[in-house]
Amino acid sequence: MAYGQHSKPTLLLTKDNKAQLSSWIGKKCQFELLYKISRDGCCSSTFHDICDGEGPTVTILYCTDNTVYGGFLSQSWTSSGNYIDDPNAFLFILSHQSVQNPRKFPLTDHTKAAFAHKLFGPTFGEVSGRDMIRLPQNRGQNYFFSGLQMWKGNIDNSLMQPHLISFQNTVYASNPRCPPDYGSPHANNSNQVFNLNGEVNFGVNSDGQYMNMNYINYMLVSDLEVYSVKAVVIQQASNLRQINTTHEVSKQWREPPQWSEQSFQQLKDFVSRYKPLPDMKISEVNILLVGQINAGKSSFFNSLNSIFRGEISARACAGSSQHSLTTDLRKYRIRNRATSGYLNFRLCDTRGLEEEMSMHLQDMALLLDGHLSDQYKFNPMAHATQRDLGFVLNPTFQDKIHCVAFVVDGSSIDVIKGNVSQKLMHFRSLMIERGIPHVVFLTKLDKVCPMVDEDVRKIYQSQACKKAIETAADVIGIPRGHVFPVKNYEQETQLQTNVSIVALTAMRQTLVFADDYLEDQYELQSDQ
């Protein structure tokens, strides 16, 4: 194919953006440039000639104001004239006017995730009845395409569903009247711009506000790129039988637990028989789970609860979402089905940390000090006060947090950015001030390494998992020995001994650290 072979193009997709896209896709990916309008021309038929049948792709538009956005499609593009069904497709914004604030937007109907037509460039979402084709013989008039019919009409933006139409037919480049922005990372070599004849709409955000980006010209771009997306872990897994060193090291990087039914029972007995230091005169310790959204805090509680219930359970709401599924503080107790009694600790589940909708900074201190009771509802816009329902004016030592577990997604530890990282560090500084011990539960390592996905016992042999452990220790700022790999029950329908052993190992050490804190507090009280 002759397209784009006249010169080596400048790739605009940055390393950070690749990492962010990989995180959203759910696995480490490599990106290979297929189509670029500044090189290949902005023509819908050219786009389809190059990209049809190429598998998963990501389309990225680079606006002249340094806004970067686009869409991901896990299926191949075609020129069939039909919609593409893809439950994995989504829209995204990587940066807005040079400000890095990545956001992922779901498409409302996966059966219409993309529209594959020769007259349309990369097109996501439903287009029928609203989206225009500018015909050469009718310049200035808007015609709407629906199936195989066209008619004149008015666009009602308030009714639009999330979608992205990049361009239709052919769009020619032009030179801007203003001087080039040589500081822009998205300026193409010829300083051309393309005033695309498409439109973009990201739908409604969590506040119920309509997010239509067309009131600013997000169709004025310096370039548009389409990359093929290939999962690195899938390629490595296919070679695993031939070369067994891609994910493994010659020796175990940490002494693993014994993978046996006897070891499982011993760990389970330790956790179930745990009792707080008697001198402190409390009946149970409070273990706080904190971390970014979708990291697996609620799933960890569900996993531990399942182990002691004897079957898979889902007391806490868990899953993936644009915003935290947990909005209240929950101080969960776990019942041991074998004895019918409660365990002597509570797992305190909190609202997930995120860029915008998140726990207020002052609530973090109030939470650690025991001022917030079970079922307190977090308000991201204001901190708790004495007038709020669930506020504890004079908390006892029993009400306070005795150990904190940062729950961190191991598959996206490299892309924790901005406010989320700052909030994690703020939380940690509050713990250090109070002497509260903290650990890390590193989740989703089955996405980091295909060996672990097949056999959880490979965690302690995987080089990829070892690197994730080291990265988490550096990011949070704790010793590597305080970072514990965890495999939550998410896709399983039955309990598995080895998965349970990993969770119990992390919980056992957390309880030991909680007792260390109780011992320190007892000594401080005794010295006074």
Side-chain angles (χ1 to χ4, degrees), residues 267-268 270-276 282-319 321 324-353 359 363-364 366-378 389-390 392 395-408 427 436 438-441 443 484 486-490 495 499-500 502-511 513-514 517:
L267 287 166
K268 186 178 179 183
F270 179 94
V271 174
S272 63
R273 294 173 182 172
Y274 168 81
K275 291 184 179 181
I282 60 174
S283 60
E284 54 195 7
V285 294
N286 297 318
I287 310 297
L288 178 64
L289 305 177
V290 63
Q292 79 265 45
I293 59 171
N294 303 326
K297 301 185 306 298
S298 300
S299 293
F300 178 79
F301 162 73
N302 285 338
S303 297
L304 206 64
N305 190 64
S306 298
I307 292 170
F308 286 94
R309 182 172 180 172
E311 56 189 356
I312 299 294
S313 68
R315 281 180 59 193
C317 183
S321 176
S324 178
L325 294 174
T326 303
T327 58
D328 299 350
L329 171 63
R330 289 307 319 272
K331 297 184 177 182
Y332 288 111
R333 301 180 76 187
I334 296 177
R335 185 190 295 273
N336 188 351
R337 186 62 62 89
T339 62
S340 298
Y342 286 108
L343 305 185
N344 295 313
F345 61 87
R346 289 179 182 255
L347 290 179
C348 305
D349 195 10
T350 59
R351 185 183 184 102
L353 302 180
M359 190 190 313
D363 280 349
M364 297 177 182
L366 294 172
L367 175 58
L368 294 175
D369 293 336
H371 289 286
L372 307 182
S373 63
D374 187 25
Q375 300 187 47
Y376 169 80
K377 192 171 191 65
F378 291 104
L389 184 66
V392 180
T396 65
F397 187 73
Q398 176 72 77
D399 298 320
K400 297 183 178 183
I401 298 299
H402 307 117
C403 188
V404 176
F406 288 103
V407 183
V408 178
F427 232 131
I436 301 174
H438 40 285
V439 299
V440 171
F441 293 167
T443 63
F484 302 102
V486 168
K487 169 69 172 72
N488 287 330
Y489 283 110
E490 294 178 307
L495 295 177
V499 173
S500 297
V502 174
L504 289 170
T505 299
M507 195 65 228
R508 181 189 188 279
Q509 196 59 51
T510 303
L511 293 172
F513 286 178
Y517 175 70

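A distance of 9.0 Å separates CD1 of Ile401 from CG of Leu372, quoted to the nearest 0.5 Å. Of the inter-residue distances, the one linking Asn488 atom CG with Lys297 atom NZ reads 11.0 Å to the nearest 0.5 angstrom. Atom CZ of Phe345 and atom OG1 of Thr510 lie 9.5 Å apart (nearest 0.5 Å). Rounding to the nearest 0.5 Å gives a distance of 6.0 Å between CG of Leu504 and CG of Leu304. A distance of 7.0 Å separates CZ in Arg346 from CG in Asn286, rounded to the nearest 0.5 Å. Of the inter-residue distances, the one linking Leu495 atom CG with Arg309 atom CZ reads 10.5 Å to the nearest 0.5 angstrom.
Of all heavy-atom pairs spanning Val486 and Ala506, the tightest one is CG2-CB, 4.0 Å. In plain terms, the two heavy atoms of Cys348 and Leu288 that are nearest each other are O-CD1, 3.5 Å. Minimum heavy-atom separation, Ser298 to Ala316: CB-CB, 3.9 Å.
For Phe441 and Phe300, the ring centers sit closer than 6.0 Å to each other.
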Problem - Derivation and outcome, side-chain contact (heavy atoms from CB on, under 4.5 Å), residues Phe308 and Arg335 - result: CA-CA 7 Å; Phe308 286 94; Arg335 185 190 295 273; over 6 Å; no

Problem - Phe301 and Ile334: CA distance, side-chain angles, deciding distance, side-chain contact (heavy atoms from CB on, under 4.5 Å) verdict - result: CA-CA 9 Å; Phe301 162 73; Ile334 296 177; 3.7 Å; yes

Exercise for the section: Determine, stepwise, if the pair Tyr274 / Val285 fulfils side-chain contact (heavy atoms from CB on, under 4.5 Å). Expected result: CA-CA 10 Å; Tyr274 168 81; Val285 294; 3.5 Å; yes

Practice task
Applying side-chain contact (heavy atoms from CB on, under 4.5 Å), run through Leu368 and Phe427 and close with a yes or a no.
Solution key: CA-CA 9 Å; Leu368 294 175; Phe427 232 131; 4.1 Å; yes

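No donor-acceptor contact under 3.5 angstrom links the side chains of Asn302 and Ser299, judged on distance only. A side-chain donor-acceptor contact under 3.5 Å links Tyr489 and Ser500. Ser283 and Gln398 form a side-chain donor-acceptor contact under 3.5 Å, judged by distance and modelled atom types alone.
Remark: Tyr332 pairs with no residue by the side-chain hydrogen bond (donor to acceptor under 3.5 Å, both in side chains) rule, at least two apart or across chains. A search for ring-ring contact (aromatic ring centres under 6.0 Å, His included) contacts involving Phe397 returns His402, not counting sequence neighbours. Every residue two or more places apart in sequence or in another chain that forms a salt bridge (Lys or Arg N to Asp or Glu O under 4.0 Å) with Arg333 is listed here: Glu284.
With salt bridges taken as basic N to acidic carboxylate O contacts below 4.0 Å, none links Lys400 and Asp369. Using a cut-off of 4.0 Å between Lys/Arg side-chain N and Asp/Glu carboxylate O, Asp349 and Arg330 are scored as not salt-bridged.
Thr443 places a side-chain N or O within donor-acceptor distance of the main-chain N or O of Val408, the cut-off being under 3.5 Å. Put simply, the side chain of Ser306 gets close to the backbone of Ser313: a donor and an acceptor are under 3.5 Å apart. A donor-acceptor pair under 3.5 Å links the side-chain atoms of Thr350 to the main chain of Leu289, judged by distance alone.
Put simply, the side chain of Tyr376 reaches to within 4.5 Å of the side chain of Asp363, judged on heavy atoms.
Under the side chain to side chain contact (heavy atoms under 4.5 Å, CB included) test applied with Leu343, the options Leu511, Asn336, Asn305 reduce to a single match, Asn336.
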